[in-house]
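Reviewing the structure listed below.
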Amino acid sequence: MNNQNVIAIEGLTFRYDGTSVLEEVNLTIGEREFVWVVGPNGGGKTTLLKLILGLLKPQKGRVAVFGRAPQQARPRVGYMPQQARLDIQFPIDAMDIVLMGRLGAGVRPGPYRGHDRAIARQALREVGLEDLRRQPFSKLSGGQQRRLLIARALASEPELLLLDEPTANLDLAVERELFELLRTLNQRLTIVMVSHDPAFVSQFVERVVCVNRRVMVHPTCDVEEGMMSELYGRQVKLVRHEQHNARGEQS
């Protein structure tokens, strides 16, 4: 793997209205890494993603994405937020939603070009939803809606994919399918994902970034019940499933 840093954070501190959310954060993420970000609610996970996106600015320290300021690197970053601001009753189909991702690639609002539609259709194909491109968003299942939002992020043709709780409230079978998709995308993309679920994630990623005001980085093999309980402040039970890790090895 190329050791060039996709994300480099040095001495970062961030506060909301004087309240410290992140303190002295140092973190580097390389090309085509698949990194799991975990921590309690309010611990700073989503804030960390927004700082990487350049939606927030630290009071101290620096953030570089592809060696540049986050705002300058944003066209190379795809983002799936935790809560999609979509009215499910609004008459919009899957293709229209994915085309929204082209706006993040610098395309101006207005009629989309054939080139943009071809890229959106390819994104739908990658997530297995091309045949449902004319399906209303409200008619898709929860797992299909999540895949569609990933396709919207892919439509910006990113090199870095940030995902905030992509598997929340999905059943285990759908969650497994989604991780298989992400593992495939990881062959060409760097992926940083926030998730509370260690049962599957720890078998797909190589490093876990623990966020609770401060940030600690561990290899995934070090993830254990004691560490997770300390992070969340309560007893946490890990469930291991037979699966393959990012290198295709059985665990």
Side-chain angles (χ1 to χ4, degrees), residues 1-2 4-7 29-35 49-50 52-55 63-166 177-193:
M1 182 175 64
N2 191 317
Q4 178 182 345
N5 288 329
V6 172
I7 298 170
I29 296 174
E31 289 185 350
R32 290 187 296 281
E33 278 200 80
F34 193 159
V35 176
L49 293 190
K50 289 182 177 180
I52 294 170
L53 283 165
L55 300 176
V63 182
V65 182
F66 297 107
R68 309 178 70 185
Q71 296 88 339
Q72 296 174 326
R74 199 175 296 164
R76 300 171 70 179
V77 182
Y79 176 51
M80 176 185 164
Q82 185 173 358
Q83 297 293 335
R85 296 180 179 179
L86 294 172
D87 182 351
I88 64 172
Q89 300 306 320
F90 191 77
I92 188 170
D93 62 28
M95 184 67 166
D96 291 329
I97 289 173
V98 176
L99 280 167
M100 292 177 184
R102 294 301 299 153
L103 301 177
V107 175
R108 295 181 179 180
Y112 292 102
R113 301 168 299 169
H115 174 67
D116 298 316
R117 293 185 175 278
I119 291 172
R121 189 157 180 170
Q122 173 59 28
L124 282 166
R125 189 176 299 122
E126 279 198 277
V127 302
L129 294 178
E130 184 181 14
D131 291 343
L132 298 178
R133 63 187 179 278
R134 293 305 175 196
Q135 189 81 348
F137 183 74
S138 60
K139 300 298 183 182
L140 299 176
S141 68
Q144 289 170 339
Q145 289 180 356
R146 219 61 61 85
R147 284 173 174 263
L148 185 64
L149 295 176
I150 292 174
R152 183 178 67 174
L154 293 176
S156 66
E157 300 181 287
E159 298 167 61
L160 167 63
L161 191 59
L162 304 179
L163 307 169
D164 198 351
E165 295 286 2
E177 291 174 358
L178 191 61
F179 278 125
E180 292 287 356
L181 167 64
L182 294 177
R183 184 171 65 176
T184 299
L185 293 174
N186 182 227
Q187 294 174 13
R188 64 179 179 85
L189 298 174
T190 303
I191 298 178
V192 178
M193 180 182 66

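Throughout, residue positions are numbered sequentially from 1 according to the sequence presented. Since we're looking at a predicted model, the values are computed, not measured.
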- Item | Distance, nearest 0.5 Å, that separates CZ of Arg102 from CZ of Arg117 | 12.0 Å

- Can you find a heavy atom in the side chain of Leu124 that is under 4.5 Å from one in the side chain of Leu154? no

- Query: Looking at Phe137 and Ile97, what are the two nearest heavy atoms and their distance?
  - Reply: CD1-CD1, 3.3 Å

- Message: Within the structure provided, determine whether Met100 and Asp96 are in side-chain contact (heavy-atom separation under 4.5 Å).
- Response: no

- How close do Ala155 and Ile119 get, heavy atom to heavy atom, and via which atoms? O-CG2, 3.6 Å

- Nearest heavy-atom pair of Ala153 and Leu161: which atoms, and what distance? CB-CD1, 3.7 Å

- Item | Side-chain heavy-atom pair Glu159, Glu31 within 4.5 angstrom cut-off | no

- Nearest heavy atoms of Ser156 and Val77, plus distance in Å: OG-O, 4.0 Å

- Message: How long is the straight-line distance from CZ of Arg152 back to CG of Leu99, given to the nearest 0.5 Å?
- Response: 11.5 Å

- Task: Could you tell me which residues satisfy side-chain contact (heavy atoms from CB on, under 4.5 Å) with Gln144, sequence neighbours excluded, listed by chain and number?
- Result: Leu129, Leu132, Leu140, Ser141

- Report the residues that fulfil side-chain contact (heavy atoms from CB on, under 4.5 Å) with Leu178, sequence neighbours left out, ordered by chain and then residue number. Arg146, Arg147, Ile150, Pro166, Thr167, Leu170, Leu181

- Task: Looking only at non-hydrogen atoms, find the nearest pair between Arg133 and Glu130 and report the distance.
- Result: NH1-O, 2.9 Å

- 4.5 Å side-chain heavy-atom contact, Lys50 and Leu162: no

- Message: So, applying side chain to side chain contact (heavy atoms under 4.5 Å, CB included) with Phe34, which one of Leu185, Asn186, Leu189, Ile29 is it?
- Response: Asn186

- Task: Check Arg188 against Pro158 and note the closest heavy-atom contact, atom names and distance.
- Result: NH1-O, 4.5 Å

- Side chains of Gln187 and Arg32: closer than 4.5 Å at any heavy-atom pair? no

- Task: Answer yes or no: is there a side-chain heavy-atom contact under 4.5 Å between Glu177 and Glu180?
- Result: no

- Would you mind reporting whether Val6 and Phe66 have side-chain heavy atoms less than 4.5 Å apart? yes

- By side-chain contact (heavy atoms from CB on, under 4.5 Å), Arg68 pairs with (sequence neighbours left out) Gln72

- Message: I'd like to check Val127 versus Leu148 (side-chain heavy atoms, cut-off strictly below 4.5 Å). Are they in contact?
- Response: no

